[in-house]
Structure formats: C-alpha cells, structure tokens
Amino acid sequence: VRLVESGGGLVEAGGSLSLSCAASGNFFSVVSMGWYRQAPGNQRELVAHIRSGGSTNYADSVKGRFTISRDDAKNMVYLQMNSLKPEDTAVYYCNAHVKRFVATYLNEYEYWGQGTQVTVSS
C-alpha cells in the first residue's frame, strides 16, 4: 500500500494551502485517513482525522482553520488549510488505516506517506 502526498509549499501567514493524499495498492478497504505533522524538535502530532463513516476530529490548534475531507471512490484524503500561522510550519504526513487480506484473514494495517513540507512565513 502506498500513500502519495501532494501540495504543500511556502505561504505567507494568513494564506491558504491544500494537501492531497492518494492511497493505492492491494487492500480491501480504507478504514480511516488522516494528517499528522512534525516540526523540527517536536514529536509527530495529529492534525486531523476522518473515518470511513465521515466522522472527523481535529487538533485544537487547527479547529476552525483546517478542513479534512475524503473521496472514498478515489481513496483520497484532502486537507484544506486556511488562515495559516508560522506555527503551522512542519512536515505533514498522510496516514491511512486499511484492511487487507492475509491468507483468509482480514486485518487492519497502518501506513504513512513520505511527508510534504509546509512552511508559513511571518
């Protein structure tokens, strides 16, 4: 299973960016997808998460500014980031939990994308 991110880049504070992530490979279904970020010297943290039923959750720091959405037909997840702040600067990683058959068993596995840099200048 491969997760490929796109988007990101450099933007001024107050601006907007959009991230996309496509899941491909051999899996039965996508359980959930989300975005995490990691700034230098910090631990990786959850930004936003969306389950197959559409329920979402966000980090308090991005509520009201970021919106996560998904396209189940395309196995894609999106992150619309508005009103960006310098503290949003980080490498953003796509995350997915998928179900795969191993022999006759349907198990859940977790995968990560390679990360995309988001830099917000003040």
Side-chain angles (χ1 to χ4, degrees):
V1 176
R2 186 181 180 204
L3 301 181
V4 178
E5 299 130 335
S6 60
L10 174 64
V11 67
E12 291 185 351
S16 298
L17 283 175
S18 180
L19 304 180
S20 300
C21 174
S24 62
N26 185 18
F27 55 89
F28 179 74
S29 65
V30 175
V31 176
S32 65
M33 297 186 78
W35 293 94
Y36 289 71
R37 67 186 181 187
Q38 187 169 19
N42 291 354
Q43 291 188 336
R44 192 172 296 189
E45 63 177 5
L46 173 70
V47 176
H49 181 259
I50 184 166
R51 296 187 182 278
S52 59
S55 63
T56 59
N57 63 292
Y58 295 89
D60 288 342
S61 59
V62 306
K63 284 181 180 177
R65 300 188 298 122
F66 291 11
T67 302
I68 190 170
S69 60
R70 58 188 282 177
D71 184 333
D72 290 339
K74 297 180 179 179
N75 292 319
M76 292 192 68
V77 65
Y78 308 94
L79 186 68
Q80 178 63 40
M81 304 182 291
N82 299 326
S83 303
L84 282 160
K85 304 175 181 180
E87 50 264 44
D88 294 318
T89 296
V91 176
Y92 283 68
Y93 296 91
C94 179
N95 173 274
H97 287 251
V98 305
K99 288 189 175 179
R100 293 177 54 207
F101 277 104
V102 177
T104 60
Y105 298 98
L106 189 60
N107 296 325
E108 185 171 320
Y109 297 87
E110 181 180 32
Y111 295 92
W112 293 91
Q114 79 285 357
T116 185
Q117 178 70 45
V118 171
T119 303
V120 185
S121 63
S122 56

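For the atom pair SG of C94 and CZ of R2, the computed distance is 12.5 Å after rounding to the nearest 0.5 Å. Here the CE-CD1 distance, from M81 to I68, works out to 11.5 Å after rounding to the nearest 0.5 Å. To the nearest 0.5 Å, atom CG of residue L19 and atom CZ of residue F66 are 8.5 Å apart. Rounding to the nearest 0.5 Å places CD of Q43 at 8.0 Å from CD of Q38. One finds the CD atom of E108 at 8.5 Å from the OG atom of S29 (value rounded to the nearest 0.5 Å). Atom CZ of residue R100 and atom OH of residue Y111 lie 4.0 Å apart, to the nearest 0.5 angstrom.
V98 and Y105 are members of different hydrophobic clusters when ILVMFWY side chains are connected at heavy-atom separations under 4.5 Å. By the criterion of side-chain heavy atoms lying less than 4.5 angstrom apart, applied directly or through intervening Ile, Leu, Val, Met, Phe, Trp or Tyr residues, V4 is not grouped with Y109; the two fall into different hydrophobic clusters.
For the pair S18 and Q80, the tightest heavy-atom approach, listed with the atom from each and the gap, is CB-OE1, 3.5 Å. Here the closest non-hydrogen pair linking S83 and R65 is O-NH1, 2.9 Å. Of all heavy-atom pairs spanning V30 and S52, the tightest one is O-CB, 3.8 Å. Of all the heavy atoms in S20 and Y78, the pair that sits closest is OG-CD2, 3.3 Å. The shortest non-hydrogen separation linking G7 to T116 is O-OG1, 3.0 Å. Between L84 and L17, the shortest heavy-atom contact is CD1-N, 3.7 Å.
The closest donor-acceptor contact from the side chain of T89 to the backbone of V120 lies under 3.5 Å. For the pair E5 (side chain) and Q114 (backbone), a donor-acceptor distance under 3.5 Å is present. Between the side chain of S122 and the main chain of P86, no donor-acceptor pair closer than 3.5 Å is present. Not one N or O on the side chain of R51 forms a donor-acceptor pair closer than 3.5 Å with the backbone of N57.
Taking a 4.5 Å side-chain heavy-atom cut-off between Ile, Leu, Val, Met, Phe, Trp and Tyr, the cluster of F101 extends to F28, L106. Here L46 is tied into one hydrophobic group with Y36, V91, Y93, W112, each link being a pair of ILVMFWY side chains closer than 4.5 Å.
Two residues are said to be in side-chain contact when any heavy atoms from C-beta on lie closer than 4.5 Å; R37 and N42 fail this criterion.
When each of H97, R70, H49 is tested with S32 by the rule side-chain hydrogen bond (donor to acceptor under 3.5 Å, both in side chains), just one qualifies, namely H49.
With sequence neighbours excluded, no residue forms a side chain to side chain donor-acceptor pair (under 3.5 Å) with N75.
Checked for salt-bridge contact, K63 and D60 meet the test: a charged N lies under 4.0 Å from a carboxylate O.
Remark: N26 CG is loosely packed, at most 12 non-hydrogen atoms of other residues, nucleotides or ligands lying under 6.0 Å away.
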